[in-house]
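The next block holds one structure in the form of structure tokens; read it before the comments.
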Protein chains: 2
Amino acid sequence: MPPMRYKAGIETRDKILAATRLLIATDGLEGTTIKAICNEAGILPGSFYNLFDSKEQAILSVVRQAIDAVDPDLAHRGTDTLADLVEAYVRFMEEDDNLASVYIRIAFSGANNSDLRGRVLRHHQGRVGRFAAAMQRSAPELTTEQAERRAETLVSALNGIALHRVLDPDFDVAWHARVLLEDAAAVT
Amino acid sequence: MPPMRYKAGIETRDKILAATRLLIATDGLEGTTIKAICNEAGILPGSFYNLFDSKEQAILSVVRQAIDAVDPDLAHRGTDTLADLVEAYVRFMEEDDNLASVYIRIAFSGANNSDLRGRVLRHHQGRVGRFAAAMQRSAPELTTEQAERRAETLVSALNGIALHRVLDPDFDVAWHARVLLEDAAAVT
DNA sequence: TTCAAATTAGAATGGACACTCAAATACTGA
DNA sequence: TCAGTATTTGAGTGTCCATTCTAATTTGAA
């Protein structure tokens with residue numbers, strides 16, 4: 001595995017990642033074979049293995065992209081409202097179409113693979129934490145544990161919405177997400 | 001494929017279905033191989049193919065069981081409240097553990113297979129319809145379309161909860177489902 | 001008890017898959 | 001231009017999978 005010194009290698013690597021991303025998003029993990037990736041990228045298996053040690057490695061790269069894209073670092077400021085967080089998720093799903101499908105498909109299809117599972121679970125924890133913090137900011141009477149639990153409800157429900165959209169591209173994510181948000185807000 | 005006249009055949013068939021159900025629930029579709037099924041059922045491939053035409057057929061049988069179990073025919077009376085429907089779903093998930101996991105895993109992992117996809121989608125439609133009807137019963141000011149949309153939100157969100165539980169068996173489905181229900185009820 | 005049919009055993013087949021490798025070609029710094 | 005390394009090629013390897021087949025065994029009705 002020579003270390004990509006020439007332009008051609010970098011371009012091929014990008015083509016491979018784009019192909020992998022597209023395939024996971026549209027066909028799921030089981031449809032994402034080396035042959036399919038090479039086909040989509042317009043290369044041959046030898047080239048793939050010149051740049052990646054394994055299929056797993058390419059998939060992990062794409063998953064990392066997806067996880068990074070779910071909540072942009074805006075959220076780190078610690079001043080976002082719940083509405084901001086939900087809106088960011090909705091925007092991600094609408095704009096970063098394929099990456100969003102990757103995120104959802106991996107979170108649940110690939111849940112048996114230990115590497116992927118760990119990565120996704122850790123990310124989910126952080127995500128719930130951020131939602132909980134935002135809830136407490138707007139409703140300080142909630143204990144941390146109460147906020148965590150309600151945040152878990154909301155995040156899981158949002159994932160359900162996102163999941164539905166993977167199956168039905170016309171599903172109006174923005175509308176349904178807003179309903180969940182408003183319902184939750186009306187109570188707290 | 002001789003037509004199961006003897007007791008032994010029926011027992012073997014049951015063992016195969018139980019093994020398939022367990023494997024889909026715990027390992028997902030990709031872990032459900034003929035070898036694994038035979039292993040779990042304590043038989044050999046020859047016996048499997050004496051009773052089923054294909055692996056697909058066994059899986060479809062299990063999926064049919066799961067779909068039938070999601071909402072027992074109680075719901076057909078057309079007098080259920082939203083709370084009844086949610087409670088029935090929660091009970092299904094808590095009592096029929098493996099079948100519930102099968103339902104969720106198939107709905108999303110197997111979403112590429114045309115046969116499974118059609119079956120699951122059709123079932124989902126009916127399910128949303130029943131939730132919408134219950135909503136309209138308790139809030140007659142809603143138009144049919146409004147009720148349908150809100151029902152879709154709730155059912156998707158519930159599926160998100162159910163999905164989370166497949167990944168984390170300790171997830172408190174009943175509690176989170178109740179939160180969703182109450183939040184939705186508080187608004188309408 | 002007997003016999004035809006049901007059931008099981010278990011090796012064998014063919015295809016798809018992830019991955020390897022040696023040879024050919026393309027690139028770029030000197 | 002040229003040498004040396006990056007990159008591509010495409011056929012090949014071994015493994016695992018679903019499925020098939022034939023011979024053996026078991027069943028139960030008469």
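Throughout, a chain's letter reflects where its sequence line sits, starting with A, and its residues are numbered from 1. Basis for what follows: all heavy atoms, side chains included, without hydrogens, waters or symmetry-related copies.
Residue Asn50(B) places its side chain closer to dT8(C) than to any other of dT27(D), dC17(C), dT8(C). For Arg5(B), the listed nucleotide lying nearest its side chain is dA5(C); candidates were dA5(C), dT5(D), dC19(C). For Ser47(A), the listed nucleotide lying nearest its side chain is dT8(D); candidates were dT8(C), dT8(D), dA18(C).
DNA chain D is contacted by both Gly46(B) and Lys55(B); Lys55(B) maps to the nucleotide lying nearer its 5′ end (nearest heavy atom per residue). Heavy-atom nearest nucleotides on DNA chain D were determined for Pro45(A) and for Ser54(B), and the one closer to the 5' end corresponds to Pro45(A).
For the pair Asp53(B) CG and dT20(D) C1', the interatomic distance rounds to 13 Å; values are reported in whole Å. Atoms CG (Asp27(B)) and P (dC17(D)) sit 12 Å apart, rounded to a whole Å. Rounded to an integer number of Å, the gap from CG of Leu44(A) to P of dC19(C) is 17 Å. Rounded to an integer number of Å, the gap from Asn39(B) CG to dC17(D) C1' is 15 Å. Taking atom NZ on Lys35(A) and atom P on dG10(D), their separation rounds to 15 Å, with Å as the unit. Distance CD (Glu11(A)) to P (dC27(C)): 10 Å, rounded to an integer number of Å. In this entry the distance linking CD1 of Ile43(A) with C1' of dA6(D) reads 15 Å, nearest Å. Glu30(A) has its CD atom 13 Å from the C1' atom of dA16(C), to the nearest Å.
Between Phe171(A) and His164(A), the two ring planes are parallel [angle under 30°; tilted spans 30° to 60°].
Dashed line: the shortest gap from a side-chain N or O of Thr33(A) to OP1 or OP2 of dA16(C) is not under 4.0 Å. At dT7(C), none of the side-chain N or O atoms of Tyr6(B) fall inside 4.0 Å of OP1 or OP2 (strictly under the cut-off). Contact annotation: Thr12(B) does not reach the phosphate of dT7(C) (side-chain N/O to OP1 or OP2, under 4.0 Å).
Within 4.0 Å (heavy atoms only), Gly9(A) reaches sugar-phosphate atoms of the nucleic acid but no base atom. At a threshold of 4.0 angstrom between heavy atoms, the contacts of Ile34(A) are confined to the sugar-phosphate backbone, with no base atom among them.
Salt-bridge formation is not detected for the pair Lys15(A)/Glu11(A): no Lys NZ or Arg NE/NH1/NH2 atom is positioned less than 4.0 Å from an Asp or Glu carboxylate oxygen.
For the pair Pro45(A)/Lys35(A), no side-chain contact is recorded, criterion being any heavy-atom separation below 4.5 Å from C-beta on. In this structure, the side chains of Phe52(B) and Ile34(B) stay at 4.5 Å or more apart for every pair of heavy atoms. In this structure, Thr143(B) and Arg149(B) have side chains that are not in contact, with every pair of non-hydrogen atoms separated by 4.5 Å or more.
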